[in-house]
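Worksheet: one structure, shown below.
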Amino acid sequence: MVGSADPAAELTPTAAAVLCAIPAWWVARATKVGLSGKWLDVHQALNVEPPLVLAGAPPLERDCGPMTGEQVGSAYVEALSDSTRARHGRHYTPAALAAELWVLTKRALGLKSEVNALPGLLRDPACGAAALLLPALREHLVASWDTDPRLVLNGLPRLIEGVDTDPAAAWVANVVMAAEMLPTFARVPERHRRPLPCLARVGDGLATDLAPARAVLMNPPYGRVKLSEADRARFADTLYGHANLYGIFMAAAEQTLDQEGVLSALVPTSFTAGRYFAPLRAMLSSRMRLQSIGFVEDRSGVFGGVLQETCLAAFTRKRARRTTVPSLGSSVSTVATVDTPRGDGPWLLPRRTDLAPVAAAAATMPLTLADCGWRVSTGPLVWNRRKADLFARPGNNRHPIIWAADIDGGTLHRDSARNNTRYVRLADKEHGAYLLTEPAILAQRTTAPEQPRRIVAAELTADDLDSWGDVVVENHVNVIRPANLVPLISPGLLYRLLSTDAIDRLLRCISGSVALSAYELESLRLPDADTLASWETLSQEALERKVAVTYRAT
């Protein structure tokens, strides 16, 4: 699903040059541990053919000797074309994150020594060039130093397995992992030496016949994918709407774990809150427990430069009751320890220490915004599909547009930057689908990372509708309106609640994304009906204080 049947056809000249330089890199590594003769030839040392003919010595070769295995793998992936990386979801894991994911995995496995031998099979089902497997392999080799080196090397295929659909990546993975074995291999008497084991293979990491694993580590491909009927049936209990590859890989990994298994993944945080991942959350939390989840502060560079929040999540079969939330910035520290999230609703997970009490308080609250009689929808106008229907001036069948910029500052206004696209022309048959004719609360769907608030909302009142007329809401705005005639919270209180600092903090425990979905808004946790009723007549200043105390945001 994420590879190519003909890797050579997709290799850029630079990627081919990286592959051609690897034999020289191998010579440098093997020579350093005192090997000679045929063991300096990577083809004989591994007894596995490269994915293409490695002809000539490229200029890149002289620079490869000092590179680590991670740097070699990264050089290969980064040399692929942008289109190839995007099409197959290929991205290389930064070494620091690979090391931290292994630390979280060890904790989930209950390995408490500083250096540990592997307790069972460790698999990466989308291994690429083996970045996630290298830390575990190194530690196992160090822990096994006093064991007969032949036994150690012969046992590795039962302990480490990488799978990838890209033959070139699998070959690189085998070489860089074999290079880690060289110090152990050098201790084997010459007459007993055999080619080093290959720990990665070309294959489908989603296959149903994989051996049970004690731990699965992954930085899987991501992006929407069309599933076969068989795969849709296989993953039916984890799907809602379209399938995302990384969610499929997480679900498949759970199916391949043994009874003491651990699943560790470097993935976007959307699985912790988004509507499309609700069944996945329900499945994972019913069969496993979230032992730890760390949020990566640098949003860029993990998934092909895509700007989104990323996390390291470790799940265990053990019945853990608490989840540790470490910070993964320039230094590692514990943000909080919270009740282990359960169920299909958004998981409340604090990204900062000051958010931990808010998440804990909200987790005990009985109501959601939807329970209180409010529904949220996304503005129906996708403007770039209606460019020919946008106008600067009113006219026949033209209706004013409310843009996200029109609700900046919490007050509805006409932002001057949208003067040239203020009106949209609608056909009569489109009125029901597009026109908003009743008062509502509007909230921006996306905010810039540097904005101080995640919730930016404004009221659309009856007076506004008298002034503007029936309006059309653009797609970057959420529309919040009553689902029944008498919602549990009045429009005025709801708008003022959304304006409080405590509710803004709460939303940051639901989603670290700059996007604010309708589903996440409907899932906002709220106190009981009596408490809400007591807030109706409070001034805004008094409401801020009451809400802060209730959500422990003081």
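Residues take their numbers from the sequence shown, with the count starting at 1.
With values rounded to the nearest 0.5 angstrom, Leu284 atom CG is found 11.5 Å from Thr272 atom OG1. Atom CG in Asp204 sits 10.5 Å away from atom CG in Asp164 (nearest 0.5 Å). Rounded to the nearest 0.5 Å, atoms CZ (Arg224) and OH (Tyr222) are 13.5 Å apart. The CG atom of Leu137 sits 6.5 Å away from the CG atom of Leu199 when rounded to the nearest 0.5 Å.
Counting only heavy atoms from C-beta outward, the side chains of Pro23 and Asp41 never approach each other to under 4.5 Å. The side-chain heavy atoms of Val338 and Leu348, taken from C-beta on, include no pair separated by under 4.5 Å. Within the 4.5 Å cutoff, the side chain of Thr269 has heavy atoms near those of the Cys311 side chain. Two residues are said to be in side-chain contact when any heavy atoms from C-beta on lie closer than 4.5 Å; Tyr519 and Tyr276 fail this criterion. Between Arg508 and Arg352 the shortest side-chain heavy-atom distance falls below 4.5 Å.
Counting all heavy atoms, side chain and backbone alike, Met67 lies closest to Trp25 at O-NE1, 2.8 Å. What you find for Ala251 and Phe235 is that their closest heavy atoms are CB-CD2, 3.9 Å. Smallest separation of non-hydrogen atoms from Leu132 and Asn219: CD1-N, 3.4 Å. In terms of heavy atoms, Ala361 sits closest to Thr364 at O-OG1, 2.8 Å. Closest approach of Asp124 and Met218 over heavy atoms only: OD1-CA, 3.9 Å. Here the closest heavy-atom approach between residue Ser285 and residue Trp347 is recorded as CB-CZ2, 4.0 Å.
Using a distance-only test at 3.5 Å, with no hydrogens or angles considered, a donor-acceptor pair links the side chain of Ser228 to the main chain of Asp231. Although no hydrogens or angles enter the test, the distance criterion places a donor-acceptor pair under 3.5 Å between the side chain of Ser144 and the main chain of His140. When atom types are taken as modelled, the side chain of Arg193 and the backbone of Ala186 share a donor-acceptor pair closer than 3.5 angstrom.
For the pair Arg289 and Phe315, the cation-pi test (distance below 6.0 Å, angle within 45°) is failed. Cation-pi geometry between Arg187 and Trp145 is met: under 6.0 angstrom from the ring centre, within 45 degrees of the axis. In this structure, Arg281 is not positioned above the aromatic face of Phe271 in the sense of NZ or CZ being under 6.0 Å from the six-membered ring centre and within 45° of the axis.
Judged by distance alone, the side chains of Trp171 and Glu49 never bring a donor and an acceptor atom under 3.5 Å apart. Judged purely by distance below 3.5 Å, without hydrogens or angles, the side chains of Ser292 and Thr324 never pair a donor atom with an acceptor atom.
Around CD of Glu190, the count of heavy atoms belonging to other residues, nucleotides or ligands within 6.0 Å exceeds 12. More than 12 heavy atoms of other shown residues, nucleotides or ligands fall within 6.0 angstrom of atom CZ in Arg232.
Taking the six-membered ring for Trp and the full ring otherwise, the centers of Tyr246 and Phe277 sit less than 6.0 Å from each other.
The pair Arg322-Asp339 meets the salt-bridge criterion, with a side-chain N (NZ, NE, NH1 or NH2) lying under 4.0 Å from an Asp/Glu carboxylate O. Here Glu139 pairs with Lys106 in a salt bridge; the nearest charged N to carboxylate O distance falls below 4.0 Å. Remark: Arg317 engages Glu254 in a salt bridge, criterion side-chain N to carboxylate O under 4.0 Å. Salt bridge Arg214/Glu161: absent, no basic N to carboxylate O contact under 4.0 Å. Salt bridge status for Glu180 with Arg138: present, with a side-chain N to carboxylate O gap under 4.0 Å.
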Run the side-chain hydrogen bond (donor to acceptor under 3.5 Å, both in side chains) check on Thr323 and Thr340 step by step: do they pass?
CA-CA 5 Å; Thr323 297; Thr340 300; 3.3 Å; yes

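Among Val262, Val267, Leu266, the one residue that satisfies the side-chain contact (heavy atoms from CB on, under 4.5 Å) test with Ser264 is Val262.
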